[in-house]
2 protein chains.
Amino acid sequence: MPEKSFIVKGIRVQTSSGLRRAPQQARGAQRIARILDAAAEVIGEVGYDAATTVMIAAKAHTAIGSLYQFFPNKEAIVQGLLERYRDELRAIFDAIITPDLATLPLPALLDRIIDPLLEFELGRHGFKALFVGMHMSRELAAATRQLTDEVVGRVAGIFQARMPTLPREMAQRYSVIVVQIVKAFLGLADAPIMTRAELVAELKALLLRYLIPLEGASG
Amino acid sequence: MPEKSFIVKGIRVQTSSGLRRAPQQARGAQRIARILDAAAEVIGEVGYDAATTVMIAAKAHTAIGSLYQFFPNKEAIVQGLLERYRDELRAIFDAIITPDLATLPLPALLDRIIDPLLEFELGRHGFKALFVGMHMSRELAAATRQLTDEVVGRVAGIFQARMPTLPREMAQRYSVIVVQIVKAFLGLADAPIMTRAELVAELKALLLRYLIPLEGASG
DNA sequence: CCAAAACATGAATAATCTTTCGCATTTGAT
DNA sequence: ATCAAATGCGAAAGATTATTCATGTTTTGG
């Protein structure tokens with residue numbers, strides 16, 4: 001199902017589903033965008049549970065009532081944020097995935113995929129909390145799983161393109177593991193023991209050593 | 001500093017610090033133990049934030065007032081739980097670490113360390129949530145970091161025993177990464193895509209491939 | 001310029017938790 | 001058996017949030 005999305009006076013609003021009502025004017029659309037920005041920041045700072053709607057409204061320079069003008073509840077805000085991230089991730093993968101990926105040497109492939117993803121994460125404060133965080137409400141867990149599934153599916157597709165003999169289920173399995181490893185390294189990002197650059201190098205070395213035997217057998 | 005611990009009528013109580021007062025009778029000590037058990041279960045089910053003191057008291061078959069008889073607040077309960085886990089982990093590592101570890105083949109080493117740890121995790125419902133969870137209150141984050149540091153320190157020690165030429169800082173760094181990877185796989189434990197046995201096998205394969213070059217260079 | 005629709009506001013309400021406190025019951029020592 | 005200390009109890013107070021709503025302001029189409 002293609003995602004509905006509003007364009008209101010030049011401002012793109014893609015939070016089609018969870019909104020209480022669609023904005024009719026530019027200021028409404030801008031406010032929604034500002035609220036999502038603010039939510040990303042607050043969630044990035046304190047996590048989903050500790051993030052309050054008042055904090056989000058304040059950071060968006062908006063009255064609490066205005067927030068509820070468009071979002072029916074706190075969860076809908078996060079849903080909107082997740083939709084935004086999902087769309088952005090799709091665009092990144094669409095740019096990453098080209099025919100030459102199937103035959104690219106493994107080290108180059110890792111650079112090609114990991115670098116844009118890490119850059120994306122670096123610029124979205126709330127992303128890590130929602131992508132690697134555990135334990136949320138049932139519905140929210142489902143929504144965040146969608147984000148992960150998006151990434152896992154793309155990576156599995158790349159595996160299958162490179163290793164046509166690899167069963168779909170195996171591709172899925174290794175993709176789940178690889179994505180989880182990337183998540184784990186994201187969680188290490190503010191450990192004072194290494195720089196981000198060292199961390200990225202180590203991540204790539206790890207994935208390289210893990211995947212070489214796989215590609216050797218099925219490539 | 002050695003940990004204080006009470007023995008009250010045969011029941012061991014090691015929650016020395018965070019308690020409002022030390023139990024004087026056996027029933028008090030038992031109640032504390034039951035509350036910690038209940039907290040572990042509830043936190044394992046819904047996570048720390050969603051776990052309420054009323055839920056914990058109910059699962060411990062205790063009135064909410066009794067809970068506060070010993071624990072000054074919700075956080076102290078988790079502190080107590082973490083102390084319990086830390087002590088248990090210490091005991092496990094004390095049993096694991098023997099002189100022959102330094103020269104054991106790497107695959108056997110992985111079995112030796114990972115199997116007991118995973119078995120420990122399997123039997124403690126709240127452990128995973130506190131060990132791999134993100135984003136808690138400042139103090140709680142510090143307390144859970146202690147748990148991780150305990151494990152990281154032990155693993156780093158093993159690295160140094162096997163690779164005497166490896167600088168302490170490098171041992172620490174690889175230990176942090178390895179422990180984070182183990183955490184990541186714990187987070188995969190209820191993914192329906194593989195059995196736990198397959199997951200453990202993949203974890204060991206991954207760590208083996210990651211660590212072989214390291215030991216080859218410094219061993 | 002005007003009226004209707006859209007949007008903004010924040011005090012008030014409502015729901016959810018944590019924590020307290022006065023009183024009841026149990027235990028251990030004499 | 002009796003008393004003081006320890007423990008148990010749960011309704012109610014206190015805190016924190018999410019959410020609503022009555023009312024004021026801005027925008028838009030005509």
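So you know, we letter chains A, B, ... as the sequences are listed, proteins then strands, and number each from 1.
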| Can you list the residues that meet the side chain to side chain contact (heavy atoms under 4.5 Å, CB included) rule with Lys183(A), with sequence neighbours excluded? | Phe131(A), Val132(A), Thr148(A), Val179(A), Gln180(A)

| request: Measure the distance from CD on Gln24(B) to C1' on dT27(C) and round it to the nearest whole Å. | output: 12 Å

| message | I need the CZ-C1' distance between Phe70(A) and dT19(D), as an integer number of Å. | response | 16 Å

| note | Hits for side chain to side chain contact (heavy atoms under 4.5 Å, CB included) against Gln146(B), two or more places apart or cross-chain, chain-then-number order -> Arg86(B)

| Does Tyr48(B) have Lys74(B) sitting over its ring (NZ/CZ under 6.0 Å from centre, angle to axis within 45°)? | yes

| request: Indicate for each nucleotide in nucleotides 16-21 of chain C, in 5' to 3' sequence, whether protein heavy atoms under 4.0 Å reach the base (B), only the sugar-phosphate (S), or nothing (-). | output: -SBBB-

| remark: Residue set satisfying salt bridge (charged side-chain N to carboxylate O under 4.0 Å, His left out) with Arg168(A), at least two apart, ordered chain then number -> none

| query | Any N or O donor-acceptor pair linking the side chain of Arg27(A) to the base of dT26(D) at under 3.5 Å? | reply | yes

Could you pull out every donor-acceptor pair under 3.5 Å between side chains of residues 62-70 of chain B and any protein atom, sequence neighbours left out?
{"unit_1": "Thr62(B)", "atom_1": "OG1", "unit_2": "Arg31(B)", "atom_2": "NH1", "d": "3.0"}
{"unit_1": "Thr62(B)", "atom_1": "OG1", "unit_2": "Ala60(B)", "atom_2": "O", "d": "3.2"}
{"unit_1": "Gln69(B)", "atom_1": "OE1", "unit_2": "Arg21(B)", "atom_2": "NH2", "d": "3.1"}

| query | For the pair made of CZ in Arg34(B) and P in dG8(D), what is the distance, rounded to whole Å? | reply | 8 Å

| message | Can you measure Gln30(B) atom CD to dG8(D) atom C1' for me and round it to whole angstrom units? | response | 14 Å

| How long is the line joining CD of Gln25(A) and P of dT28(D), in whole Å? | 5 Å

| Partners passing side chain to side chain contact (heavy atoms under 4.5 Å, CB included) against Pro116(A) (at least two apart in sequence or in another chain) | Ile92(A), Ile96(A)

| Atom-pair distance (CD1 on Ile56(A); P on dA18(D)), nearest Å | 8 Å

